[in-house]
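The structure appears right after this line, and notes come after that.
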Amino acid sequence: MTINCKGSLIDLSSPKVMGILNLTPDSFYDGGKYKDELQILHQVEKMLLEGATFIDIGAYSSRPGADHISIEEEEKRILPVVTLILSKFPDTILSIDTFRSEIAKQCIDIGAAIINDISAGNLDKNMIETVGQLKVPYIMMHMKGTPQTMKSLNQYEDLVKDIQFYFSQKVIEARKKGINDIIIDPGFGFAKNIDQNFELLRKLDLLKFQGLPILAGISRKSMIYKSLNINPSESLNGTTSLNTIALLNGASILRVHDVKEAIECIALTNKYHKQS
């Protein structure tokens with residue numbers, strides 16, 4: 001349950017928090033919020049001070065139906081920000097949220113540490129081989145189709161068994177290409193409806209195999225705000241509730257917009273486990 005990030009071993013047997021920094025203008029919750037260098041650095045500093053182990057940067061919106069952007073636009077958005085953050089906070093463990101191998105390589109070359117791929121290599125046939133060559137941890141997510149088509153692709157024979165099979169095949173492929181550190185993300189909200197998201201959360205521990213850590217990305221998603229008939233800005237309490245369930249069911253990383261509250265979730269669930 002350890003991953004090697006630029007020579008530092010991170011122990012995931014005790015859950016960790018990954019703070020989200022979206023550089024997209026159209027993300028479902030914080031799109032367009034971080035437009036200039038001061039806003040970006042302030043948010044990164046805030047998340048680090050609140051206890052984030054990782055900062056996950058994304059420049060391609062993967063919300064359902066999001067606009068497709070060119071690789072040139074993604075480069076323009078993300079590369080200067082990686083350089084900016086590491087110039088001010090050089091010890092930051094940056095995760096790069098991209099499905100493009102060219103973006104992955106460029107970001108790792110300038111100091112990022114992890115690749116977080118929503119497609120697990122399905123949207124770029126060179127991604128898994130590239131990550132294997134880079135020798136960095138790889139977060140592989142379950143998704144069908146693309147962000148533009150996934151909403152209609154939520155048919156499964158058996159949701160959990162289908163996802164288990166998907167990851168078993170992907171892990172074999174990743175191992176063959178030399179990827180040592182693999183993290184599994186079941187992909188809440190990606191080609192799954194609300195009921196399927198809750199089934200997946202309820203059965204999250206069934207995805208634990210080969211000792212691989214699980215990342216839960218539930219923060220402020222539609223499974224919360226549509227269930228409660230609220231909007232994403234009102235979804236922090238719901239996020240905290242579901243993050244707690246994810247931790248109790250085996251999540252090792254919480255990927256969140258709100259770091260302080262996630263750290264508190266981990267502290268309290270750790271207390272619970274010690275008492276039980």
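Quick note: residue numbers are just sequence positions, from 1.
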Common cluster, Leu23/Ile139, ILVMFWY with side-chain heavy-atom separation under 4.5 Å: no
Rounded to the nearest 0.5 Å, the CD1 atom of Ile245 sits from the OG1 atom of Thr269 at a distance of 12.0 Å
Side-chain donor-acceptor pair under 3.5 Å between Lys192 and His142, yes or no? yes
Grouping I, L, V, M, F, W and Y whenever their side-chain heavy atoms are under 4.5 Å apart, do Ile114 and Tyr60 come out in a common cluster? no
Is a side-chain N or O of Gln164 found less than 3.5 angstrom from the main chain of Leu206, in a donor-acceptor match? yes
Inspect the surroundings of CG in Asp109 and state if more than 12 heavy atoms from other residues, nucleotides or ligands are less than 6.0 Å away. yes
For Gly145 and Leu123, work out which heavy atoms get closest and say how close. O-CD2, 4.0 Å
Connected via hydrophobic side-chain network under 4.5 Å: Val256 and Ile230: yes
Gap separating the CD1 atom of Ile85 from the CG atom of Leu21, nearest 0.5 angstrom: 5.5 Å
Within this structure, what is the CD1-CE distance for the pair Ile103 and Met127, rounded to the nearest 0.5 Å? 9.0 Å
Would you say Asn116 and Tyr138 make side-chain contact, with heavy atoms under 4.5 Å? no
In short, Pro137 meets Ile3 closest at the heavy-atom pair CG-CB, 4.2 Å
For His257, is there any backbone N or O sitting under 3.5 Å from a side-chain donor or acceptor partner on Ser219? yes
Under 3.5 Å donor-acceptor, Gln169 side chain and Tyr166 backbone: no
Set of salt bridge (Lys or Arg N to Asp or Glu O under 4.0 Å) partners for Glu45, sequence neighbours left out: none
Within-4.5 Å side-chain heavy-atom neighbours: Leu236 and Glu261: yes
For the residue pair Phe167 and Phe209, does the interplanar ring angle fall in the parallel (under 30°), tilted (30 to 60°) or perpendicular (over 60°) class? tilted
As a quick check of understanding, evaluate side chain to side chain contact (heavy atoms under 4.5 Å, CB included) for Lys170 and Asn122, giving each step before the final call. CA-CA 10 Å; Lys170 288 294 180 182; Asn122 285 340; 2.6 Å; yes
Donor-acceptor check, side chain of Lys271 to backbone of Ala267, threshold 3.5 angstrom: yes or no? no
Do the side chain of Glu234 and the main chain of Asn231 share a donor and acceptor less than 3.5 angstrom apart? yes
Examine Ile93 and Val136 and state if one hydrophobic cluster contains both, with Ile, Leu, Val, Met, Phe, Trp and Tyr joined whenever side-chain heavy atoms are less than 4.5 Å apart. no
Would you mind checking if Lys46 and Glu50 are paired as a salt bridge, meaning a charged N to carboxylate O distance below 4.0 Å? yes
Any salt bridge between Arg220 and Asp258, counting N to O under 4.0 Å? yes
Taking Ser235 for the side chain and Gly238 for the main chain, is one N or O donor matched with an acceptor at less than 3.5 Å? no
Which residue pairs satisfy the side-chain hydrogen bond (donor to acceptor under 3.5 Å, both in side chains) criterion with at least one member in residues 197-208, sequence neighbours excluded? Glu199-Lys203
About how many Å separate NZ of Lys16 and CG of Leu215, when rounded to the nearest 0.5 Å? 13.0 Å
For the student: nearest non-hydrogen atoms of Cys107 and Val82, plus distance: SG-CG2, 4.1 Å
Say whether, by atom type as modelled, one donor and one acceptor occur between the side chain of Ser227 and the main chain of Met223 under 3.5 angstrom. yes
Under 4.5 Å between any side-chain heavy atoms of Pro147 and Ile118, yes or no? yes
Taking the side chain as everything from C-beta on, heavy atoms only, tell me whether Ile214 gets closer than 4.5 Å to Pro186. yes
Would Arg77 and Thr24 satisfy side chain to side chain contact (heavy atoms under 4.5 Å, CB included), going step by step from the backbone distance to the final call? CA-CA 8 Å; Arg77 291 177 182 178; Thr24 55; 3.7 Å; yes
Determine, stepwise, if the pair Met140 / Ile179 fulfils side chain to side chain contact (heavy atoms under 4.5 Å, CB included). CA-CA 11 Å; Met140 53 170 62; Ile179 300 177; over 6 Å; no
Sub-4.5 Å side-chain heavy-atom contact between Leu84 and Leu41: yes
Please determine whether side-chain hydrogen bond (donor to acceptor under 3.5 Å, both in side chains) holds for the pair Asp124 and Ser101, giving the CA-CA distance in whole Å, both sets of side-chain angles, and the decisive distance to 0.1 Å. CA-CA 7 Å; Asp124 183 336; Ser101 58; 2.9 Å; yes
Rounded to the nearest 0.5 Å, how far does OG of Ser95 lie from CD1 of Ile253? 8.5 Å
Give me the atom names and distance for the closest heavy-atom approach of Ile266 to Pro15. CD1-O, 3.6 Å
Note: Lys177-Glu173 ion pair, threshold 4.0 Å (strictly below): no
For Tyr156, is the NZ or CZ atom of Lys144 found under 6.0 angstrom from the centre of its six-membered ring and inside 45 degrees of the ring axis? yes
Check whether any side-chain heavy atom of Ile218 lies under 4.5 Å from a side-chain heavy atom of Thr239, and answer yes or no. no
Should the heavy atoms of other residues, nucleotides or ligands under 6.0 Å from CZ of Phe89 be counted, would the total exceed 12? yes
Are the charged groups of Glu72 and Lys76 less than 4.0 angstrom apart, N to O? no
State, with a plain yes or no, whether a side-chain heavy atom of Thr244 is found less than 4.5 Å away from one of Leu268. no
Short N-O contact, Asp97 and Arg255, less than 4.0 angstrom: yes
Single-linkage hydrophobic cluster, 4.5 Å side-chain cutoff, Leu48 and Leu94 together: yes
Looking at Gln196 and Asn193, would you say the former's side chain and the latter's main chain have a donor-acceptor pair under 3.5 Å? yes
Phe188 and Leu201 have their tightest heavy-atom pair at CE2-N, 3.6 Å
Heavy-atom closest pair (Ile110 atom, Leu86 atom, distance to 0.1 Å) is O-CD1, 3.5 Å
Atom CG of residue position Asn229 - does it have more than 12 heavy atoms of other residues, nucleotides or ligands inside 6.0 Å? no
Tell me, do Leu254 and Leu247 make a side-chain contact under 4.5 Å, heavy atoms counted? yes
Pairwise distance OG(Ser119) to CE(Met150) - rounded to 0.5 angstrom: 12.0 Å
Between Phe190 and Asp185, does the side chain to side chain contact (heavy atoms under 4.5 Å, CB included) criterion hold? Intermediate values first, please. CA-CA 11 Å; Phe190 288 79; Asp185 179 352; over 6 Å; no
Exam field: side chain Lys135 to backbone Gly178, donor-acceptor pair closer than 3.5 Å: yes
Under 3.5 Å: donor-acceptor pair, side chain of Lys221, backbone of Gly189: no
